[in-house]
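Just so it is clear: chains get the letters A, B, ... in the order the sequence lines come, proteins before strands, and each one is counted from 1. Keep in mind that what you see is a predicted model, and the values were worked out from it rather than measured. Keep in mind that the numbers below use all heavy atoms, side chains included, and drop hydrogens, waters and symmetry copies.
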Amino acid sequence: MTAARTPAKTPVLAAAPDDRHAGRVAASVLSAVLPYLVAVVAAFVVAGVIIAALGHDPFVAFRSVLTTSFATPFGVVETFTKWVPLTLMALAFAIPLGAGRFNIGGEGQLILGATAATAVGITLSDLPMPLLLPLVLIAGIIGGGVWAGIAAALMARFRINEILSTVLLNFVSFQVLDYIASEVWPDVGAGFPATVKVGDGAMLPTVGKPALHIGVFLTAAVVVVVAMLMRRSVPGFELRAVGINERAAKVHGIRTSRVAVGAVVVGGMVAGLSGAIEVTGVHGNLLEGIQSNYLLLGIIIGLIARGSLALVPFVAFGISILEIGASAMQRSAQVPAELVLIVEGLILLFLLLSDVLAARLRTFRSGSRTATTPPVAPASVSTEPAAAGGRR
Amino acid sequence: MTEVTNFLALMVTAMVPYIFAAQGTMLSGRAGIFNVSQEGMLTIGAAVGFLVSLKVGSNGVGLIAAALVGALFGLVLAVVTTYLRLDQFVVGLALFFLALGAASLLYRVVIGVTMSPPLIPLLSKWRIPLLADIPVLGPVLFNQDPMVYLALLGSVALWWFLFRTDAGMRLRSVGENPKAADSLGINVAATRIWAAVAGSALMAVAGAYLPMIYTGTYTDGIAAGRGWLAIALTFFGGWRPQFIVAGAAFFAGMEVLALRAQVAGIGIPHQFVAMLPYVATLLVMVFAFRWARVPAYLGRNYDRESRLVG
């Protein structure tokens, strides 16, 4: 806020409007970034106390958390490789969130996407790469979309809360994966449920050394396209309208139920793509545990980004650094890597709290204006009972 | 005959975590706070319950410790949603992550990585004289561990409290129309807070029961979706204690059926049998959501200075 005042005081008249504008931009950037800084620092302080209480040196631990990603070329590649599923899974959560719907089923959608991609990659393994790779990726997108579509249909037709249906479908998907990997195309030598490898033509090309698969660029493209569509297209506008005020959107002729279904399905498609990329870029086959903990991380990233699609890739990069650093921390400082999940949860909680704090400070400064906490999720999420129950 | 009795006895045991978790969800939701951190509460409850039981040597103390830790999480949820009016779903999810992380960190710190994890003794059965001799009903209902009795009697008590006492009616009114409740002098904030605290404590007890009856130890993912199923069960039970118990029988029956079919091998791949509880839940919800009478203010935060009605 101080940044806003200083340039405005400059006596040069001609430059004043520009300066004031710049000052205002600086102030708004500062007020946007400040809660994040506060939240991250506070979470690290708590983590430091826990690490010290466990008898380790917090500073050694933090150094390895924050520097591992940049210390070696391998660290950089590893960080970007992790960034891909984290970003896509965060989008899979954040897109439906824009319409006020909670997609907690990214895990299942990822697995079904990976399953569909693997199925195409194995059965058509003789096809040349320019033909097979797009087919495999499209199969992944469709697989994820169909899986999310089940939940979306139950939501629209029978008013089943999407939090529940998407979560339950996750548990079904684990069994689908197990069946495919141990009965349909099992790799007998693996020792755990895993399929045989997909055809060579299904693998994503890589660049550089150590190799980085081009799914990274694909992901960046997806982020740009989705963010543009959300801001500039009619469906994107309708989706945001439903998220901000479902009843108003309905009154103005938006088919809210159809928009919500579309949002959930698109979220599933993105998660499915993420599954296909894990198969074709990282593992080369479908295996048990391919979903890792990407669902949780995707939700955390989506919530920390406050549902903003443009912020998602940056938050995902930060979390990716934390995740890569955490396993290094376990090796170098003997601090359990499980701590990182606590840190991420704390960042989210402190972010919410610092938002409240910022709002209170603003009210305090501007006197009579009423306090409004900036919404983390669209307004309909917190005010509309349908989000909780079955009366949509 | 013994096969049926056996199945029913296992089902009654499997009901316990569902009952505790769903009654906790219901109690908290009846006051308007929709807790979505069940899965996390079950997991942290299992970790704390196991570790304390192991160190102290008493499962009872382990259960109490788990309840206290659950209550602490519930307190955080209640305070930040009631006083700071943060979004209940977002905070619930944040607490879910915190609880998962805390549970596996606790286990790692106390036990470390071992080839053979230490075990706690499973809960022993309390045979109720005379009643246990009734055919079928006896072994099913009256030769169980104490937590079974606590779950069933507790559900009756909860029903009595919510629908037959003044305090219970006040609690329900807070979840239906807090403005009206406030105007009648009911302390909305205090009611919401203690309901959420008690609710989370019940969820953690549900988690602590798992190592004490099945595994004897804590493992990551021990809750295995029971927390999420408990939310489904709460809707299925129409937010009423008596129907929640009935629903728990269905959920537990599915769970036991899937396990037994897997062991017995009935010709279809075991993965499809393992899907059964989740698919059945989805199908059942198609009907359950028609009759679910949800507390009107569920998941919303009350702002007494707001001019909006309802």
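- A side-chain donor from one of B:Y302 and B:D182 sits under 3.5 Å from a side-chain acceptor of the other.
- B:F251 pairs in a side chain to side chain contact (heavy atoms under 4.5 Å, CB included) with only one of the listed residues (B:L233, B:V256, B:I244), which is B:L233.
- A distance of 6.0 Å or more separates the ring centres of B:F243 and B:W239.
- Neither the backbone nor the side chain of A:L177 comes within contact range of chain B; no heavy atom of the residue lies under 4.5 Å from a heavy atom of that chain.
- Contact of A:V167 with chain B is made through the side chain alone, with heavy-atom distances under 4.5 Å.
- Interface residue A:L168: backbone and side-chain heavy atoms are both found under 4.5 Å from chain B.
- Interface residue B:L93: only side-chain heavy atoms are found under 4.5 Å from chain A.
- With sequence neighbours excluded, no residue forms a salt bridge (charged side-chain N to carboxylate O under 4.0 Å, His left out) with A:D57.
- Side chains of B:Q88 and B:N35: no donor on one and acceptor on the other come within 3.5 Å.
- The part of B:A224 that comes within reach of chain A is its backbone (N, CA, C, O), which places non-hydrogen atoms under 4.5 angstrom from that chain.
- Heavy-atom distances place both the backbone and the side chain of A:L296 under 4.5 Å from chain B.
- Under 4.0 Å is where a charged nitrogen must lie from a carboxylate oxygen, and between B:R226 and B:E39 no such pair does.
- Neither the backbone nor the side chain of A:V340 comes within less than 4.5 Å of any heavy atom of chain B.
- Both the backbone and the side chain of A:I300 come within less than 4.5 Å of a heavy atom in chain B.
- One finds a salt bridge joining A:E246 and A:R101 here, because a Lys/Arg side-chain nitrogen approaches an Asp/Glu carboxylate oxygen to under 4.0 Å.
- For B:Y83, the part sitting under 4.5 Å from any heavy atom of chain A is the backbone (N, CA, C, O) and nothing else.
- In this structure B:R192 satisfies the salt bridge (charged side-chain N to carboxylate O under 4.0 Å, His left out) test with no other residue, sequence neighbours excluded.
- Only the side chain of B:F272 comes within contact range of chain A, with at least one heavy atom under 4.5 Å from a heavy atom of that chain.
- Residue A:S173 does not touch chain B at all, counting heavy-atom pairs closer than 4.5 Å.
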